[in-house]
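Inspection log for the structure reproduced underneath, given as structure tokens.
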Amino acid sequence: MDFFEVIKKRRSVRSFEKVEIKKEDILKILEAGRLAPSGRNAQVWEFIVIDDENLIKELGKIQSFISESSVIIGVIMDPEKSNFWVEDASAAIENMLLTITYLGYASCWVEGTLLKKEKWAKELLGIPEEKRLIALLPIGKAKSEVGMPYKKPLSSIVYHNKYGNPYL
Ligand SMILES: Cc1cc2nc3c(=O)[nH]c(=O)nc-3n(C[C@H](O)[C@H](O)[C@H](O)COP(=O)(O)O)c2cc1C
């Protein structure tokens, strides 16, 4: 797959079949997160790999499709250590989502629903109170292909030299 194909192919998938995910692949995904840019190169991220079946089932209480995944990567950030922790987390998450796609698996950036149950999830996973569990990336094989949702055309979001001047 060429690079732009990976970008276009990445979708938020919310229905998985269980699949064996090799440790080698999990390491590639984590490596993509580790190598992401971060403000002042602070790298205030940590990742938790969840492959325990009971934990995966429990985490389905956040959003039910999560329980169908084979492995979950949780993104943990330390907000005390960088003002840019949200942006840094986002960069690492997107790098990992693209790698997951490239390797032929599917995932979804789960943050909105996680934040409502973050305290509970942190306790379940033994994450220290002062850290944030900002996202879960459940990984599996897509049950069926998911089409691209509506994306705004470039002509409606890109300007030329001055705001409002069309570029396209
Ligand atoms: C910050 C952020 C939070 C998100 N939280 C959730 C979530 O909690 N649950 C979910 O199913 N999808 C979540 N998504 C996925 C979006 O709904 C999805 O990216 C969007 O609908 C566009 O679809 P696409 O990813 O296939 O392009 C989140 C995405 C982002 C960037």
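We count residues from 1, following the sequence as given. Both ligands and their constituent atoms are indexed starting at 1 by order of listing.
- For atom 25 (O) of ligand 1, the closest non-hydrogen atom of the protein is Ser12 OG, 2.5 Å.
- Among all non-hydrogen protein atoms, the one lying nearest atom 14 (N) of ligand 1 is Trp109 O, 3.0 Å.
- Within ligand 1, the atoms closer than 4.0 Å to a non-hydrogen atom of Gly112 are 5 (N), 6 (C), 7 (C), 8 (O), numbered from 1 in the order shown.
- Counting heavy atoms from C-beta on, the side chains of Gln63 and Leu136 never come closer than 4.5 Å.
- At least one heavy atom of Arg10 sits less than 4.0 Å from an atom of ligand 1.
- Proximity to Cys108 (heavy-atom distance under 4.0 Å) selects the following atoms of ligand 1: 10 (C), 11 (O), 12 (N).
- Salt bridge status for Glu123 with Lys119: present, with a side-chain N to carboxylate O gap under 4.0 Å.
- When the heavy atoms of Glu111, Arg14, Lys151 are ranked by distance to atom 27 (O) of ligand 1, first place goes to Lys151.
- The ligand atoms of ligand 1 that sit less than 4.0 angstrom from a heavy atom of Gln63 are 7 (C), 8 (O), 9 (N), 10 (C), 11 (O).
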Output, in order, the C-alpha distance, side-chain angles, deciding distance and verdict of side-chain contact (heavy atoms from CB on, under 4.5 Å) for Ser69 and Ile56.
CA-CA 7 Å; Ser69 63; Ile56 291 176; 3.9 Å; yes
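- Here the side chains of Arg11 and Pro149 are in contact, with some heavy-atom distance below 4.5 Å.
- By the side-chain contact (heavy atoms from CB on, under 4.5 Å) test, Gln43 pairs with Ser38, Asn41, Trp45, sequence neighbours left out.
- Protein heavy atom in closest approach to atom 23 (O) of ligand 1: Pro149 CG, 3.6 Å.
- The hydrophobic cluster containing Ile157, built from Ile/Leu/Val/Met/Phe/Trp/Tyr side-chain heavy atoms closer than 4.5 Å, also comprises Leu154, Val158, Tyr167, Leu168.
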